[in-house]
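See below for the structure under consideration.
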Amino acid sequence: MNKRFSWKAFMEDLTEEKEELNIAPAQPSEEHMKQVMQSHIDAINHKGVGATYSSDYKGEDPVGTAPITTGGGDMINELKEIFDVPFTPQRAELISPISTSFGNAAAMAFKLYVDVNGQNISIDIIDVFEFNEQGEVTEQKAYWGKENVTLLD
């Protein structure tokens, strides 16, 4: 059960050398959530292994479209199979620091460069990941719409 947020406790934590802020169980840790989100960016950039997805994973990309429920495995390659035209991520760039929560969720804003059926575009995306106690991604929501897509050529 989550505890109520306290600005007093939070500010005391920032200004004093306390072990940890006792607001809610931090499972997984903030470090782990940030590493998983960074691994998502790195996987797009072909620099590493992507996030670990739970067997009951569900996602919306973009939010408001049919859920993706592939679960487990290499999500980047699994997503490629879902698209109805060639969709090839070229690179991804974080555009702000990854933000964590006092619970089991984290968010990041990034720019994704993609070749879609021979057309280069960029998409400004805010991704929100939720994690289970084992640190696996259970839910991913990608917030972007038509106004977040730019034709590059």
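In the hydrophobic clustering, Tyr113 connects to Leu152, either directly or through intervening members, whenever side-chain heavy atoms lie under 4.5 Å apart.
Looking at Ser54, its side chain does come within 3.5 Å of a backbone N or O of Val137 through a donor-acceptor pair.
Counting heavy atoms of neighbouring residues, nucleotides and ligands inside a 6.0 Å radius, atom CD of Glu147 exceeds 12 of them.
Scanning both residues, Ala106 and Met37, for their nearest heavy atoms gives CB-SD, 3.2 Å. Here the closest heavy-atom approach between residue His32 and residue Pro28 is recorded as CD2-CB, 3.6 Å.
Contacts of Gln119 classified as side-chain hydrogen bond (donor to acceptor under 3.5 Å, both in side chains), with partners at least two apart in sequence or in another chain: Asp153. For Pro86, the side-chain contact (heavy atoms from CB on, under 4.5 Å) partners are Asn117, not counting sequence neighbours. Asn148 is linked by a side-chain hydrogen bond (donor to acceptor under 3.5 Å, both in side chains) to nothing, counting only residues two or more places apart in sequence or in another chain. Scored by the side-chain hydrogen bond (donor to acceptor under 3.5 Å, both in side chains) test, Lys34 finds no partners at all (sequence neighbours excluded). Applying the salt bridge (charged side-chain N to carboxylate O under 4.0 Å, His left out) rule to Glu60 yields no partners; only residues at least two apart in sequence or on another chain are considered. Residues that satisfy the side-chain contact (heavy atoms from CB on, under 4.5 Å) test with Gln35, not counting sequence neighbours, are absent from this structure. Residues meeting the side-chain contact (heavy atoms from CB on, under 4.5 Å) test with Lys146, sequence neighbours left out: none. Taking the side-chain hydrogen bond (donor to acceptor under 3.5 Å, both in side chains) definition, one finds that Glu139 meets it with nothing, sequence neighbours left out.
With values rounded to the nearest 0.5 angstrom, Met108 atom CE is found 10.0 Å from Ser96 atom OG. Rounded to the nearest 0.5 angstrom, Ser39 OG and Ile44 CD1 are separated by 10.0 Å. From Glu31, atom CD reaches atom OG1 of Thr100 across 10.5 Å, with rounding to the nearest 0.5 Å. To the nearest 0.5 angstrom, Gln90 atom CD is 6.5 Å from Asn120 atom CG.
Residue Phe110 is not grouped with residue Tyr143 when hydrophobic side chains (ILVMFWY) are merged at heavy-atom distances under 4.5 angstrom, including chains of intermediate members. Hydrophobic clustering (side-chain heavy atoms under 4.5 Å, transitive across Ile, Leu, Val, Met, Phe, Trp, Tyr) keeps Val149 apart from Val63.
Annotation: salt bridge (Lys or Arg N to Asp or Glu O under 4.0 Å) contacts involving residues 90-114, sequence neighbours excluded, comprise Arg91-Glu93, Lys111-Asp124.
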Check the pair Val114 / Phe87 against side chain to side chain contact (heavy atoms under 4.5 Å, CB included), numbers first and verdict last. CA-CA 7 Å; Val114 183; Phe87 182 94; 3.5 Å; yes
Could you walk me through whether Val85 and Val116 pass the side chain to side chain contact (heavy atoms under 4.5 Å, CB included) test, one step at a time? CA-CA 7 Å; Val85 295; Val116 180; 3.7 Å; yes
Validation: residues 125-136 side-chain donor-acceptor distances under 3.5 Å, sequence neighbours left out:
from   : atom 1 : to     : atom 2 : distance (Å)
Asp127 : OD2    : Gln140 : NE2    : 3.0
Asn132 : OD1    : Gln134 : N      : 3.0
Asn132 : OD1    : Gly135 : N      : 3.1
Asn132 : OD1    : Glu136 : N      : 2.9
Asn132 : ND2    : Gln134 : OE1    : 3.4
Asn132 : ND2    : Glu136 : OE1    : 2.9

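Using a 4.5 Å heavy-atom cutoff, the side chains of Thr150 and Ile121 are not in contact. Taking the side chain as every heavy atom from C-beta outward, Val36 and Thr52 never approach each other to under 4.5 Å. A heavy-atom distance below 4.5 Å is found between the side chains of Leu112 and Pro89. Side-chain contact between Trp144 and Asp61: present, with at least one pair of heavy atoms (C-beta onward) separated by less than 4.5 Å.
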